[in-house]
Number of protein chains: 2
Amino acid sequence: MKTARNTIAKTKIQELIILSPIALSHSEIHKYLEGLCDRVTIYRVLDRLLEEGVIHKIVDVDGVIKYAGCHSCSTEHSHNHIHFSCQKCMSVTCLENVEPSFKLPKNYKVSEMNFTLSGLCPQCS
Amino acid sequence: MKTARNTIAKTKIQELIILSPIALSHSEIHKYLEGLCDRVTIYRVLDRLLEEGVIHKIVDVDGVIKYAGCHSCSTEHSHNHIHFSCQKCMSVTCLENVEPSFKLPKNYKVSEMNFTLSGLCPQCS
DNA sequence: ATTACATTTGCAACATTGTTGCATTAATAA
DNA sequence: TTATTAATGCAACAATGTTGCAAATGTAAT
Ligand SMILES: [Mn+2]
Ligand SMILES: [Mn+2]
Ligand SMILES: [Zn+2]
Ligand SMILES: [Zn+2]
């Protein structure tokens with residue numbers, strides 16, 4: 001079997017994302033790490049953290065992919081919540097408690113959803 | 001004042017998007033046009049069509065940006081509808097009639113939304 | 001039809017983002 | 001401490017998107 005290893009890069013990246021109040025992009029993580037590891041390593045660590053279910057991926061309104069820690073998915077791993085992207089401070093926040101409702105036409109089978117609102121966050125409005 | 005011109009490239013791209021039943025990405029449009037114009041021209045034409053309100057932009061679940069014609073926004077220009085991204089045939093469809101409802105915490109001011117579901121479309125399920 | 005001119009285009013050059021192969025490094029278990 | 005193999009660094013590459021500038025082209029006036 002394949003046994004995961006706790007490397008410095010992985011530990012630091014995980015810590016960074018989990019402790020951050022907002023979702024982070026690859027380039028933001030790269031900046032924060034200040035050369036601790038290679039660009040490519042970050043991509044690979046992010047893939048591993050996603051697989052392990054430690055973090056989840058968010059597609060921002062402009063298509064930029066951001067990563068946020070999983071807080072409320074200890075039992076089951078679902079992220080059917082809304083994300084809010086602030087146009088002023090550029091932060092992306094998980095609104096864990098907000099679940100949208102909608103009525104889909106027949107014969108559509110949903111497996112994932114990505115719902116991002118943009119506008120002004122409480123700090124900026 | 002700046003007067004828009006109807007060039008061959010613009011006409012063809014607009015036609016392509018409007019007539020398509022699914023949203024198209026830049027690279028898909030590029031393929032369809034078969035060298036009718038440069039890559040860069042497509043980017044610039046898309047920008048113009050967006051500004052003119054002829055098409056709208058959709059961010060797919062994987063962050064790929066797609067373009068779809070505006071059908072039901074003759075009076076006002078809003079796209080608060082759901083988009084469906086099929087994991088099998090990779091099509092992105094506008095579900096113009098499906099509007100999600102949700103209850104946002106106070107002090108969030110929404111100006112735009114991007115709501116994309118992924119799964120299987122009627123044809124593929 | 002010809003001219004004038006601003007818009008649009010093509011091309012080159014560049015930046016950013018993401019992926020892959022491979023030799024080297026380093027975490028973990030024996 | 002040593003053996004094993006996961007993880008990293010680096011180079012090379014592909015895909016996507018942006019910008020500057022000269023050339024081409026659409027449109028309106030003559
Ligand atoms: Mn989230
Ligand atoms: Mn749409
Ligand atoms: Zn803000
Ligand atoms: Zn399908």
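Each of dC21(D), dT28(C), dT8(C) was ranked by its minimum atom distance to the side chain of Arg44(B); first place goes to dC21(D). The side chain of Ile8(B) sits closest to dG26(D) out of dG26(D), dT17(C), dT9(C). Comparing dA7(D), dT28(C), dT18(D) against the side chain of Lys2(A) picks out dA7(D) as the nearest.
Nucleotide dC11(C) holds its C1' atom 15 Å from the OH atom of Tyr43(B), rounded to whole Å. Atom P of nucleotide dA29(C) and atom CG of Asn6(A) are separated by 10 Å, given to the nearest angstrom. Rounded to an integer number of Å, the gap from Leu24(A) CG to dT17(C) C1' is 17 Å. Between the CD atom of Glu28(A) and the P atom of dT17(C) there is a distance of 10 Å, rounded to whole Å. For Asp38(B) and dC21(D), the CG to P distance is 18 Å, given to the nearest whole Å. What separates CD1 of Ile29(B) from C1' of dA15(D) is a distance of 16 Å, to the nearest Å. Atom CD1 of Ile65(A) and atom P of dT16(C) are 18 Å apart (whole Å). Note: NE2 (His30(A)) to C1' (dC10(D)) measures 13 Å, nearest angstrom.
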**Message:** side chain to side chain contact (heavy atoms under 4.5 Å, CB included), that's the test. Do His56(A) and Cys94(A) meet it? Break it down for me.
**Reply:** CA-CA 10 Å; His56(A) 65 282; Cys94(A) 295; 3.6 Å; yes
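Take the nearest nucleotide of DNA chain C for Ala4(A) and for His26(A): the residue whose nucleotide is more 5' is His26(A).
Looking at heavy-atom distances under 4.0 Å, Val45(A) makes contact with sugar-phosphate atoms alone, never a base.
At a cut-off of 3.5 Å, with distance as the only test, no side-chain donor of Ser125(A) or Asn107(B) sits close to an acceptor on the other residue. There is no side-chain donor-acceptor pair under 3.5 Å between Thr11(B) and Asn6(B).
For Thr7(B), no side-chain nitrogen or oxygen approaches OP1 or OP2 of dG26(D) to under 4.0 Å. At the phosphate of dA7(D), OP1 or OP2 sits under 4.0 Å from a side-chain N or O atom of Arg48(A).
For Leu19(A), the CG atom is densely surrounded, since the number of other residues' heavy atoms within 6.0 Å is greater than 12.
A donor N or O paired with an acceptor N or O is found under 3.5 Å between the base of dT5(D) and the side-chain atoms of Arg5(A). In this model, no side-chain donor or acceptor of Arg39(A) finds a partner on the base of dG9(D) within 3.5 Å.
Using the six-membered ring where Trp is involved, Phe115(B) and Phe115(A) have ring planes that are parallel, under 30° apart on the 30 and 60° scheme.
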